[in-house]
Chemist: 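Attaching a single structure in structure tokens format; questions to follow.
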Protein chains: 2
Amino acid sequence: MRIGELAEATGTTTKTLRFYEASGLLPPPTRTPAGYRDYSDDATARLDFIRRGRAAGLTLAQIRDILTVRDTGRAPCGHVRQLLAEQLDAIDAQLAELHALRATVAQLHDSAANAEPDTCPPAQVCRYL
Amino acid sequence: MRIGELAEATGTTTKTLRFYEASGLLPPPTRTPAGYRDYSDDATARLDFIRRGRAAGLTLAQIRDILTVRDTGRAPCGHVRQLLAEQLDAIDAQLAELHALRATVAQLHDSAANAEPDTCPPAQVCRYL
DNA sequence: ATGAACCTTCCAGTGCACGGGAAGGTCAAG
DNA sequence: CTTGACCTTCCCGTGCACTGGAAGGTTCAT
């Protein structure tokens, strides 16, 4: 498939796909005689993985590290385990912070929802936050 | 308190404090006769709020919106509730994605931890990922 | 064979959240 | 009265993840 089709299929842009290739996230695909990029089907799975990682806040460098280990396989297994453990720790830390923020925002929202409309007259400071 | 003390007290830098002021996150403090910034104590609480939001992945623009509403208080209460609800939704979506990523990374890590060392001979592709 | 819709490389710019460092003013200690 | 640590503004640089646009080649339908 050509770059435009892959971009369409994965909900991204041709610009981003070339950028990912230059950044080492996508392996250089084969080319047609005219020089067009010709992607195989597993590119979509790879891009889905990248998209999931991005949506969860991983950097491209982190995602590239995981993919590189997967691709080369020459890294010692201990290194793979360590890398995955580090990613798990990072994700857990992020989850903890996100849960904490959710709690405070939820509390603010509850007090705003439970307040009487009359307790917030115009021209007075709104103390929901 | 002066800008250096405030930076020290909140674990940030004078550069960041001036940047926050220019970005509308911190109100311009009073000045000493010499032109030095002279912060009141509630600046530390405000910066703690900013720090919590940042740690959880909110942008400065989102934090500024919340702070602006709090400061002016002239926004209708419905707007405040809506803003908080949107933040909650965004946080929940981020949490869901982060949980999903955690699950896949945890699975990879488990299979790596449970694998026999001998099943990963050198020069063979490591299929932990 | 011509026009639209693709594709190529390359270079430059964007938005975010700062950080570096210059050039100069201020303040307390010795 | 000088030294050093602070402060001021101003402007440029950085890293990340793209995004825009120029200049040109390819493919395909009409």
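Proteins get letters first, then strands, A, B, ... in listed order; numbering begins at 1 in each. Computed from heavy atoms alone, side chains included, the values below leave out hydrogens, waters and symmetry copies.
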Chemist: Could you state the CG-P distance from B:Leu25 to C:dC16, rounded to the nearest angstrom?
Modeler: 12 Å
Chemist: Can you tell me which residue pairs pass the salt bridge (Lys or Arg N to Asp or Glu O under 4.0 Å) test with a partner in residues 8-18 of chain A, sequence neighbours excluded?
Modeler: none
Chemist: Can you sort out the partners of A:Ser23 under side chain to side chain donor-acceptor pair (under 3.5 Å), two or more places apart, ordered by chain and number?
Modeler: none
Chemist: CG of A:Leu17 versus C1' of C:dT8: gap in Å, rounded?
Modeler: 14 Å
Chemist: Counting only heavy atoms not in B:Asp41 (residues, nucleotides, ligands), do more than 12 fall under 6.0 Å from its CG?
Modeler: no
Chemist: Of all residues at least two apart in sequence or in a different chain, which pass the side chain to side chain donor-acceptor pair (under 3.5 Å) check with B:Asp42?
Modeler: B:Ser40
Chemist: Once you round to the nearest 0.5 Å, how far does CG of A:Leu67 lie from CD1 of A:Ile50?
Modeler: 5.5 Å
Chemist: Classify every nucleotide of nucleotides 22-30 of chain C by which part a protein heavy atom approaches to under 4.0 Å, writing B for the base, S for the sugar-phosphate alone and - for neither, in 5'-to-3' order.
Modeler: ---BBS---
Chemist: Nearest whole Å is fine: how far is D:dC18 P from A:Leu47 CG?
Modeler: 11 Å
Chemist: Under a 3.5 Å distance rule, please check whether B:Arg46 uses its side chain to pair with a backbone N or O of B:Leu25 as donor and acceptor.
Modeler: yes
Chemist: Round to the nearest Å and state the distance from B:Asp65 atom CG to C:dC16 atom C1'.
Modeler: 15 Å
Chemist: Rounded to the nearest 0.5 Å, how far apart are CZ of B:Arg102 and CD1 of A:Ile91?
Modeler: 7.5 Å
Chemist: Only counting residues at least two apart or in another chain, list the ones meeting side chain to side chain donor-acceptor pair (under 3.5 Å) with A:Asp38.
Modeler: none
Chemist: Would you say A:Arg37 reaches C:dT9's phosphate, i.e. side-chain N/O to OP1/OP2 under 4.0 Å?
Modeler: yes
Chemist: Produce the list of close N/O pairs, under 3.5 Å, pairing protein atoms with atoms of nucleotides 14-17 of chain D; give distances to one decimal.
Modeler:
| from | atom 1 | to | atom 2 | distance (Å) |
| --- | --- | --- | --- | --- |
| D:dA17 | OP1 | A:Leu60 | N | 3.0 |
| D:dA17 | OP2 | A:Leu60 | N | 3.4 |

Chemist: Send over the distance from B:Arg64 CZ to C:dG15 P, rounded to a whole Å.
Modeler: 13 Å
Chemist: Which nucleotide, C:dG19, C:dC7, D:dC7, lies nearest any side-chain atom of B:Thr16?
Modeler: C:dG19
Chemist: What is the distance, to the nearest angstrom, from the CD atom on A:Glu8 to the C1' atom on C:dC7?
Modeler: 16 Å
Chemist: Please confirm whether the shortest side-chain N or O distance from B:Thr13 to OP1 or OP2 of C:dG19 is below 4.0 Å.
Modeler: yes
Chemist: Verify, without hydrogens or angle tests, whether A:Glu5 (side chain) and A:Arg2 (backbone) share a donor-acceptor contact under 3.5 angstrom.
Modeler: yes
Chemist: Mind calculating the distance between CD1 (A:Ile3) and C1' (D:dT27) to the nearest angstrom?
Modeler: 17 Å
Chemist: Please confirm whether the shortest side-chain N or O distance from A:Arg31 to OP1 or OP2 of C:dT9 is below 4.0 Å.
Modeler: yes
Chemist: Rounded to the nearest Å, what distance is computed from the CZ atom of residue B:Arg18 to the P atom of nucleotide C:dG20?
Modeler: 13 Å
